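Computed from a prediction, not measured in an experiment: that's the story for all the values here.
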Amino acid sequence: MGYAIFAFVIFFLLVASGLLLVFYREMLGQRLAAVLGSRGDSGLPVFSKLRQAAGSLGLFAGSIRKVVPKSEKEASVVQKRLILAGYREENHLNFFYASKAVVPVLLCTAAVVTGVYHRSPFIIFLLALVMGYLAPDYWLGHRINAREIDLRMGLPDTLDLLVVCLEAGLSLDNAVLRAGDELRFTHPVIADELGLVMLEVRAGKARVDAWRALAQRTDCAPIRMLVSILIQADQFGTGVSKTLRIHSDTLRTQRKQRLEEMAAKTSVKLVFPLVLFIFPSIFVVTVGSAAIQISEMFKK
């Protein structure tokens, strides 16, 4: 009963907040604009407190990280995986290892609160510990795959924009900067990577090394091919507009083929839910009444 009341209260608060956002959105928008538009000194302590809270949270995660046993080689591998997922700061590694220590405790606590552990305490707690320890790894793998898909989807548009900028007379660096600015909202992942490349070039890093670092950060085959094209163009001084256009057409063809492959697999994947869930229900609805009538007739 207590859980039902708690769930009802949470649901009521969510619905009430949603209704407030719907019916009082103009007033809330005006207040938010007033808060964001004010440039006085009153906003500075708030941001400083937020930064202090983030720093203290990072220190707390770093202290929890010491609980998880690891080697330097394992930490470097995890750091590379975090970079592939788009998390480059040192605190992200601390948060990852802290989650491997906190999530099992949360799962065990949930098992105790819900009372599931009464059935078989040893197995339930063992599953909670193992799943909680492995859950951050699975989540990180999911984030890496999602980021790679975003990069693959946004690369053809990026190449088309680069070709347009290069043919308009811009240099490669200016074309990359313009493409990153234009793709900031449509493809933020690849725009962030291009901006990081240009930051490294402006900081004094060699252009070839900056592009190679992009290939290592993303670990995506189309981007590695793009990096090789740009490196060859930088070394030999050749034009890249035609090559980039061909590469963009190839990527679009591959994306179309991948979608066609996924559509072709849909019919095969639908077999299992059809056989296990839909066909039995249809069979019960169509034949059940007739079977009941036949059984009653035989009884008479």
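To the nearest 0.5 angstrom, D219 atom CG is 5.0 Å from R224 atom CZ. Once rounded to the nearest 0.5 Å, the distance linking CG of L93 with CD1 of I83 reads 9.5 Å. Put simply, CG on D209 and CD on Q216 are 9.5 Å apart, with the number rounded to the nearest 0.5 Å. Summarising the geometry, atom CG belonging to L159 is positioned 7.0 Å from atom CD1 belonging to I190; distances are rounded to the nearest 0.5 Å. One finds the NE2 atom of H187 at 4.0 Å from the CG atom of D157 (value rounded to the nearest 0.5 Å).
Smallest separation of non-hydrogen atoms from E148 and C220: CG-SG, 4.2 Å. What you find for P156 and S248 is that their closest heavy atoms are O-OG, 3.3 Å. Of all the heavy atoms in A175 and C165, the pair that sits closest is CB-CB, 3.6 Å. Minimum interatomic distance between G132 and P104 (heavy atoms only, all atoms of both residues): C-CG, 3.5 Å. Here the closest non-hydrogen pair linking T218 and L214 is OG1-O, 2.8 Å. For the pair L161 and A179, the tightest heavy-atom approach, listed with the atom from each and the gap, is CD2-CA, 3.5 Å.
Judged as a side chain to side chain contact (heavy atoms under 4.5 Å, CB included), and not counting sequence neighbours, the contacts of K265 are E261, K269. The side chain to side chain contact (heavy atoms under 4.5 Å, CB included) check on T243 picks up I229, with sequence neighbours excluded. With sequence neighbours excluded, no residue satisfies salt bridge (charged side-chain N to carboxylate O under 4.0 Å, His left out) with R143.
No more than 12 heavy atoms of other residues, nucleotides or ligands sit less than 6.0 Å from atom CE of M225. When the shell of 6.0 Å around CE of M262 is examined, it contains 12 or fewer heavy atoms from other residues, nucleotides or ligands. Counting non-hydrogen atoms of neighbouring residues, nucleotides and ligands closer than 6.0 angstrom, the CZ atom of R258 exceeds 12 such neighbours. Crowding of K205 atom NZ: a count of heavy atoms from other residues, nucleotides or ligands under 6.0 Å exceeding 12. Within a 6.0 Å radius of CZ in R217, more than 12 heavy atoms belonging to other residues, nucleotides or ligands are found.
Two residues are said to be in side-chain contact when any heavy atoms from C-beta on lie closer than 4.5 Å; F95 and V102 fail this criterion. Between N145 and H142, every side-chain heavy-atom pair lies at or beyond the 4.5 Å cut-off. Using a 4.5 Å heavy-atom cutoff, the side chains of W211 and V176 are in contact. Between R152 and I149, the closest side-chain pair of non-hydrogen atoms is not below 4.5 Å.
Legend: side-chain hydrogen bond (donor to acceptor under 3.5 Å, both in side chains) pairs involving residues 162-173, not counting sequence neighbours, sorted by first then second residue: E167-R245, S171-N174, D173-R207.
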Task: Stepwise side chain to side chain contact (heavy atoms under 4.5 Å, CB included) check, K100 with D137 - done: CA-CA 9 Å; K100 293 178 77 70; D137 293 321; 2.8 Å; yes

- [ ] Show your working on side chain to side chain contact (heavy atoms under 4.5 Å, CB included) between L140 and L82 and close with a plain yes or no.
- [x] CA-CA 7 Å; L140 184 58; L82 287 172; 3.6 Å; yes

TODO: Apply side chain to side chain contact (heavy atoms under 4.5 Å, CB included) to the pair L244 and L226, showing each step before the final yes or no.
DONE: CA-CA 8 Å; L244 293 179; L226 171 64; 3.3 Å; yes

- [ ] Please test E182 against V164 for side chain to side chain contact (heavy atoms under 4.5 Å, CB included), starting from the C-alpha separation and ending with a verdict.
- [x] CA-CA 12 Å; E182 293 294 334; V164 171; over 6 Å; no

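Both Y133 and Y138 belong to a common hydrophobic cluster when Ile, Leu, Val, Met, Phe, Trp and Tyr are linked at side-chain heavy-atom distances under 4.5 angstrom. By the criterion of side-chain heavy atoms lying less than 4.5 angstrom apart, applied directly or through intervening Ile, Leu, Val, Met, Phe, Trp or Tyr residues, I246 is not grouped with L251; the two fall into different hydrophobic clusters. Placement of L155 and M153 in two distinct hydrophobic clusters is found when ILVMFWY residues are connected by side-chain heavy-atom separations under 4.5 Å, directly or transitively. Under a hydrophobic clustering in which Ile, Leu, Val, Met, Phe, Trp and Tyr are joined whenever their side-chain heavy atoms come within less than 4.5 Å, directly or via other members, L196 and Y87 fall into different clusters. Put simply, L177 and L172 are part of the same group of oily side chains (I, L, V, M, F, W, Y) that touch within less than 4.5 Å, one to the next.
Taking the charged nitrogens against the carboxylate oxygens, R147 and E193 do have a contact shorter than 4.0 Å, which makes a salt bridge.
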Just distance, no hydrogens or angles: give the donor-acceptor pairs under 3.5 Å from side chains in residues 271-279, sequence neighbours left out.
none

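Residues near L129 contribute nothing to a hydrophobic cluster around it, because no ILVMFWY side-chain heavy atom sits closer than 4.5 Å to its side chain.
Distance alone, capped at 3.5 Å, places no donor-acceptor pair between the H92 side chain and the G86 backbone.
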